[in-house]
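Take a look at the structure set out below.
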Amino acid sequence: NAGVMQNPRHLVRRRGQEARLRCSPMKGHSHVYWYRQLPEEGLKFMVYLQKENIIDESGMPKERFSAEFPKEGPSILRIQQVVRGDSAAYFCASSPAPSYEQYFGPGTRLTVT
Amino acid sequence: SQKIEQNSEALNIQEGKTATLTCNYTNYSPAYLQWYRQDPGRGPVFLLLIRENEKEKRKERLKVTFDTTLKQSLFHITASQPADSATYLCARPPEPGSARQLTFGSGTQLTVLP
């Protein structure tokens, strides 16, 4: 049973470009969470999704950031018009239910130049 | 807002000793606390979950306690090994009844010296 998969593992974007981060949850998991980890800082919750629904996006910036988890395919975290401050590691996690432990992917390291 | 704090940023111990990491929370007691391990360049890995009605939980060389009076969880690694060196994170749900997302502490970096 494959774990949570994220791609790309590393992504370099110039300021103003768009970044698309993909996450495939573990088989059988319908709950997906996105977190951001800045250098020397802890994990910060961004958004929680179930298939085709955003359940909680309280941790996601109101502008430039969006997330989706379509009926088919991976969950996508999209950052438009990236700025240097967006450089961070973005982790996706999945769980079979909200109150269960979360299984994390290896992360996508975004660098904005 | 509900906060969670891990007292020590870094902890060095000698191989074979017991490592004890501390996690403190504010305001209400969460329904549970979780502990994760994170190695450099990797995602966190779930270790243990302890519910508020459980005083203690064990898994191999790991032991977690949950003290609602002190608002604290302790994480112990007995007979520590250099391979235990990593950052350990505690996490809690942020609101009563909320199990939807986790609030993580900033982590304690453990180094086990051979």
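- Note on V112(A): it clusters hydrophobically with M60(A), by side-chain heavy-atom contacts below 4.5 Å among ILVMFWY residues.
- Residues R109(A) and R42(B) approach most closely at NH2-N, 3.6 Å, considering heavy atoms.
- Under a hydrophobic-cluster definition in which Ile, Leu, Val, Met, Phe, Trp and Tyr are linked whenever side-chain heavy atoms come within less than 4.5 Å, directly or via other members, Y90(A) and F104(A) are assigned to different clusters.
- Of the two parts of Q37(A), only the side chain, counted from C-beta on, holds a non-hydrogen atom closer than 4.5 Å to a non-hydrogen atom of chain B.
- In this structure, Q80(A) places its CD atom where more than 12 heavy-atom neighbours from other residues, nucleotides or ligands lie under 6.0 Å away.
- For chain A, the nearby part of L89(B) is the side chain; its heavy atoms alone come within less than 4.5 Å.
- When heavy atoms are compared at a cutoff of 4.5 Å, Q38(B) approaches chain A solely by way of its side chain, counted from C-beta outward.
- Here the shortest heavy-atom pairing between F91(A) and G43(B) reads CE2-CA, 3.3 Å.
- Cluster membership for F75(B) and I4(B), using ILVMFWY side-chain heavy atoms within less than 4.5 angstrom, is shared.
- Between Y35(A) and F104(B), the gap from one ring centroid to the other is short of 6.0 Å.
- Note: the hydrophobic cluster containing W35(B) also contains I13(B) (ILVMFWY, side chain heavy atoms under 4.5 Å, direct or indirect links).
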